[in-house]
Structure formats: C-alpha cells, structure tokens
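Below you'll find the structure, written out as structure tokens, and then a few comments.
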Amino acid sequence: EGLHGRTLLEAFPAAERVWIERYGEVALTGEPARFEEWFGPMGRWFEVSAFRTGPGRFGVVFTDITERKRLKEQIEADRQLLETVTTRLPAGVAVIRGSDLRIILANPAYQANAPGKEMIGKTIDEVWPETQPQFKERCLHILATGETYHAVDEPFTIRRSPDSPAELTYWTWSLFRVSLPGDEGWGLMSVTIETTERKRAEETLRASDERHRLLAETMLQGVVHQDA
C-alpha cells in the first residue's frame with residue numbers, strides 16, 4: 001500500500017542504478033528480461049522477471065533468493081577452502097563424487113601420480129582403467145558402508161599417461177567417505193603416497209643381503225673343507 005503510485009526512486013532513494021537501467025530497457029524496447037540482482041535498500045537478493053505491459057509501462061515478478069545465494073556462496077567458500085588446504089599437502093588428494101565416481105578435485109601431488117592424464121571431470125574408469133574392477137569395487141563398497149580403507153605398500157599396475165607402458169607401483173593410501181558440499185550427497189576422498197622407490201630400494205637391499213649371505217656361506221664351507 002505504501003508503494004502504490006510511487007516511482008522506484010521515490011520509494012527507495014538508495015536503490016542501485018542498475019535497477020533503473022534494467023527496467024528502463026524493458027519499457028523502451030519491449031524485450032523481457034530475467035536477472036538476479038542485489039537490492040541494497042532491503043538487503044536481499046532477488047530473481048526478477050520484467051516484461052512490458054504497454055507503452056512506457058512494465059510489470060515485474062520478484063522472487064527472494066537470498067538464502068539460495070547465501071547457500072551457494074557458502075558451498076563455494078567450502079570448495080575454495082578444501083582446494084586451498086589440499087593444494088598445500090605433500091600427499092596426493094582426490095575427491096570423487098559418489099553419484100558417478102567422477103573426480104571433482106585433485107591436488108598437484110595427486111596429478112603428479114599420472115601427469116599425462118586429464119583427471120578433473122573424469123570418472124575413475126577413465127583415469128585408472130588399468131586398476132579396474134578392483135578400485136571401483138572398493139569405492140562402491142566404501143560409499144555403501146562408510147568403512148575406511150587403508151593400505152601400506154599396496155601394489156598397483158598403472159599407466160602414467162594413456163599411451164605409456166604399464167608399470168608395477170606401490171602405494172600407501174587411504175580411502176574414506178565424505179559428505180560433499182550442498183546437495184551432492186556422499187563422496188570419497190583418496191589420500192595417496194607412492195612408495196615405489198622405497199620398495200625397490202628395500203628389494204635391492206634384500207637381494208644384496210642375500211648375495212652376501214650366500215657368499216659368506218660358500219666361503220665358510222670352503223674353509224671347513226680345507227680344515228677337513
């Protein structure tokens with residue numbers, strides 16, 4: 001009732017100029033407009049549909065979307081925080097969407113595991129086809145049960161790029177279920193550290209120790225035979 005017969009600026013002198021420009025364009029051109037805009041005098045976000053109703057006249061339908069915008073901004077802030085934290089981690093970290101097993105985040109350390117592969121937006125079948133069905137089955141199991149998986153020096157045969165040769169590698173890694181921002185439901189977080197070089201060094205050391213043991217036994221047997 002207090003707004004009837006008054007112009008926008010009469011009712012809300014502090015209204016942003018963009019509102020006047022938007023409405024004026026609709027009234028002058030007759031082209032309808034649909035947009036989202038912040039309205040300072042009320043401190044609210046609105047989704048607006050504006051349409052001309054006659055020469056120099058227009059109608060407007062408002063929808064208050066403030067809470068939706070705030071939720072969207074909070075989700076984006078959560079995503080940015082997660083990316084900032086994981087980017088600084090030395091371990092490889094990937095976040096996998098549960099609904100389609102698609103990688104939605106991979107920090108630099110995780111990407112370095114296979115630098116020749118595109119990861120973001122790809123499913124685990126597309127990124128790691130050589131690890132299937134073992135990896136996929138484990139993902140589905142954890143999504144269904146909420147159990148956490150952890151392994152030390154687990155062997156995987158992988159390709160660093162789509163056309164590179166398959167190689168045997170070792171990983172200490174964990175996989176656990178996480179709640180994704182917004183309404184995306186459950187997801188998975190994979191934290192990986194490659195231990196291939198350490199495993200190879202250990203195997204080389206064991207082989208060297210075995211050679212030395214056999215050499216020592218041979219020399220001892222030779223001494224025993226000479227004494228006999």
message: Side-chain heavy atoms nearer than 4.5 Å, only ILVMFWY residues, links allowed to pass through others: does that put Leu143 and Ile103 together?
response: yes
- prompt: Counting only N and O atoms by type, is there a donor-acceptor contact under 3.5 Å from the side chain of Glu16 to the main-chain atoms of Gly40?
  reply: yes
- request: Can you tell me which residue pairs pass the salt bridge (charged side-chain N to carboxylate O under 4.0 Å, His left out) test with a partner in residues 191-200, sequence neighbours excluded?
  value: Asp153-Arg198, Arg160-Glu194, Glu197-Arg200, Arg198-Glu202
query: After noting the C-alpha distance and the side-chain angles of Val152 and Thr195, does the key distance pass the side chain to side chain contact (heavy atoms under 4.5 Å, CB included) rule?
result: CA-CA 9 Å; Val152 176; Thr195 58; over 6 Å; no
task: Indicate, with yes or no, if Tyr149 and Trp128 share a hydrophobic cluster defined by side-chain heavy-atom contacts under 4.5 Å among Ile, Leu, Val, Met, Phe, Trp and Tyr.
output: yes
field: hydrophobic_cluster_shared for Val127 and Leu105, side chain cutoff 4.5 Å
entry: no
message: Listing request: all salt bridge (charged side-chain N to carboxylate O under 4.0 Å, His left out) pairs with a residue in residues 107-124, at least two apart in sequence or in separate chains.
response: Lys117-Glu130
message: With heavy-atom distances below 4.5 Å as the criterion, would you say the side chains of Leu140 and Leu101 are in contact?
response: yes
Hydrophobic cluster partners of Ile65 (side-chain heavy atoms under 4.5 Å): Trp38, Trp45
- request: Output all residues satisfying ring pair (Phe, Tyr, Trp, His ring centres under 6.0 Å) with Phe62, sequence neighbours left out; order by chain, then residue number.
  value: Phe46
query: CD of Glu184 to CG of Asp100: how many Å apart, nearest 0.5 Å?
result: 9.0 Å
task: Return the set of residues passing side chain to side chain donor-acceptor pair (under 3.5 Å) with Glu25 (not counting sequence neighbours), or none when no residue passes.
output: none
- request: Show which residues join Leu168 in its hydrophobic cluster (side-chain heavy-atom contacts under 4.5 Å, direct or indirect), or state none.
  value: Tyr170
- prompt: Can you find a heavy atom in the side chain of Val26 that is under 4.5 Å from one in the side chain of Pro32?
  reply: no
message: Measuring only between side-chain heavy atoms, which start at C-beta, is Ile142 closer than 4.5 Å to Trp186?
response: no
For Thr66, side chain to side chain donor-acceptor pair (under 3.5 Å) partners two or more places apart: Arg44, Asp64
task: Test side chain to side chain contact (heavy atoms under 4.5 Å, CB included) on Trp171 and Ile158 and set out the steps.
output: CA-CA 11 Å; Trp171 304 85; Ile158 69 167; 3.8 Å; yes
- prompt: Sub-3.5 Å donor-acceptor pair from the side chain of Arg159 to the main-chain atoms of Ser164, do we have one?
  reply: yes
- request: Kindly give the heavy-atom pair with the smallest separation between Val191 and Ala91, and that separation in Å.
  value: CG1-CB, 3.9 Å
query: Taking all atoms of both residues into account, what is the closest heavy-atom pair of Thr157 and Ala166, and its distance?
result: CG2-CB, 3.7 Å
Summary of side chain to side chain donor-acceptor pair (under 3.5 Å) pairs that have at least one residue in residues 50-59, sequence neighbours excluded: none
- prompt: Is the closest side-chain heavy-atom distance between Thr169 and Phe156 below 4.5 Å?
  reply: yes
- prompt: In chain order, what residues pass the side chain to side chain donor-acceptor pair (under 3.5 Å) check against Ser49, with sequence neighbours excluded?
  reply: Arg34
- prompt: Which atom pair, heavy atoms only, marks the closest approach of Val93 to Leu89?
  reply: CG2-CD1, 3.8 Å
message: Between Leu188 and Ser190, is there a side-chain heavy-atom distance shorter than 4.5 Å?
response: no
Exercise: identify the closest heavy-atom pair between Pro41 and Ala14: CG-C, 3.9 Å
query: Are Ile20 and Leu28 connected, step by step, through hydrophobic side chains (Ile, Leu, Val, Met, Phe, Trp, Tyr) whose heavy atoms are closer than 4.5 Å?
result: no
message: Check whether Gln111 reaches the backbone of Ala114 with its side chain - one donor and one acceptor, N or O, closer than 3.5 Å.
response: yes
task: Could you list the residues that satisfy ring pair (Phe, Tyr, Trp, His ring centres under 6.0 Å) with Phe39, not counting sequence neighbours?
output: Phe12, Trp19
field: Cys139 to Leu175 - nearest heavy-atom pair and separation
entry: SG-CD2, 3.9 Å
query: Are Ile120 and Tyr110 grouped together when hydrophobic residues (ILVMFWY) are joined by side-chain heavy atoms under 4.5 angstrom apart?
result: yes
field: Nearest heavy-atom neighbours spanning Ala109 and Pro90
entry: CB-O, 3.4 Å
message: With a 4.5 Å cut-off on side-chain heavy atoms, are Gln132 and Ile124 touching?
response: yes
statement: Rounded to the nearest 0.5 angstrom, the CE-CG distance for Met189 and Leu180 is 9.0 Å
Side chain to side chain contact (heavy atoms under 4.5 Å, CB included) assessment of Thr131 paired with Lys136: CA-CA 8 Å; Thr131 67; Lys136 184 174 183 178; over 6 Å; no
With Glu36 via side chain to side chain donor-acceptor pair (under 3.5 Å) - residues at least two apart: Arg68
field: Val61: hydrophobic cluster co-members (side-chain, 4.5 Å)
entry: Phe51
